[in-house]
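For the numbers below, each heavy atom of this structure counts, side chains included, while hydrogens, waters and symmetry mates do not. Being a predicted model, the structure only gives us computed values, none of them experimental. Atoms within a ligand are numbered from 1 in the order they appear, just like the ligands themselves. Numbers for residues simply follow the sequence, beginning at 1.
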Amino acid sequence: MRVSRGAAIQLVLLALVAGGITTAVALFPRWLPLEASKQAHRIDFVIWYVTIICIVIYAIVVGLLSYSVLHFRAAPDDESDGPPTHGSTRLEFAWTAIPFLIVTSIAIVCAIVLARNDSAGATPLHVDVTAQQFAWSFKYPESNSVTSTTLRLPVGRTTVLDMTSLDVIHAFFVPEFRQNEDVVPGTTTHLVVTPTRIGTYPLICNELCGLGHTTMRSTVVVMSQADFDTWVKSQGKATATGGATGGKAVFVNNGCIACHTLKAAGATGKIGPDLDNLPSYAAHFHQPLDVFIRTQVTHPDTFHQPGFPTGVMPHTFAALPKAQLDALIQFLIASSKGGK
Ligand code: CUA
C-alpha cells in the first residue's frame, strides 16, 4: 500500500493531537508529591523517562488507529473478506528491534539510578530504625544513642537508615523521599536518604502488619544542621534525666500510645484496652494491681480482656531492659491510680 502525502499529513496530525492531550494529562495535575531528597529526584527522572516513551508510543498507535477507522471502515452491508496480505520482514524486524532498544535503555537508566541511590558516600550519618506493631523509633548511635519517635534529619547530609523489626514485616515509606524499603525481623535492611528540603513529611508503614497497621505512622522532620545539633543536645539531656519521667518515656518510645488510651501520656489509642481502667481490670481478675500490670505487659493475654482480640499485643516487652520495664510498670500504676 502506498501512502499519499495528504494521508501522511493526516496521520501525523492525529498522532500530534493524541500526544498533546496525553502530555497535558501527564503534566497538569500534580501526580507526584513534593520532591524532598536527591534520591527522589533520580526516581522521578526514571518516572518521566518512561512516561515520555509511553506518550510517544501511545500517540503513534492512536494516530494509526484513528486514521484506519476514518479511511478503511467497511460499508454497513459489506461482508466480504479484506484483501490477503503477506508479512513484511522489514516491519517485523522494526517492531522487534525498537522495543528491545527501548526496554534495554530503561534497564540501563534504572541500574544507574539504583546504584547512585544506594551509594552513601564516605561519611554518612547513621540512624537505627526500629519498627514494631505499631510504632517507629529512631536511635542516633553517633550522638550518645539519643532516641526519638520522630525521625529528625539534617538537610543536605546523606543518612543511612539501618532498619530492623521486633515482630513482623513492616515497610518504611516517606512519599516525599519516594523510596520504599521492607523492615524485617532478624535482619537489618538499609536505606540511603539525602534530604534536600527543610520541612515535615509523613512516614507511613507500607506493609500490612496487623490490626493497627493504618495507625503506624510517624513524622520526618528535616532541619538545618544547626537546628539538628541543638535538638540532639536537648534530647541527650532529657534522656539522662530518667527517673520519675522515665516510665512515661518508655511508654511513648515503645509505641504503647498507638494502641492504648492513657490520660497521663496523652494517649488515645482504641485498639487495646483503656489503661486508665487498669485498677478495675485488676480487680475483675482478683489480682493485685502491680502483679496484674507486670503479667499483662510481659505475657500479654494471660488475663483475657473481654471485647478485645487476643494475639494483638506484641510479646516483645518482656525483653525490655529491667530498669525500663520497672519504670514503665511504676508509671502505669501511678497514672492509672491518678486517673480514677
Ligand atoms: Cu507496620 Cu503496617
### Query
Tell me, which N, O or S atom in Glu207 is closest to atom 2 (Cu) of ligand 1?
O
### Spacing of Ile333 atom CD1 and Ile293 atom CD1 [to the nearest 0.5 Å]
5.0 Å
### Task
For the atoms SG of Cys209 and ND1 of His213, give the angle they form at atom 2 (Cu) of ligand 1, rounded to 10 degrees.
120°
### Message
At less than 2.8 Å, would any N/O/S atom of His170, backbone or side chain, sit next to atom 2 (Cu) of ligand 1?
### Response
no
#### Entry: Residue Gln133, metal atom 1 (Cu) of ligand 1, N/O/S under 2.8 Å
no
### Message
Checking the side chain of Gln133 only, and the main-chain atoms of Gly212 only, is there a donor and an acceptor separated by less than 3.5 Å?
### Response
no
### Query
Do the side chain of Arg294 and the main chain of Asp326 share a donor and acceptor less than 3.5 angstrom apart?
no
### Smallest separation among heavy atoms of Ala131 and Met216, with atom names
CB-CE, 3.8 Å
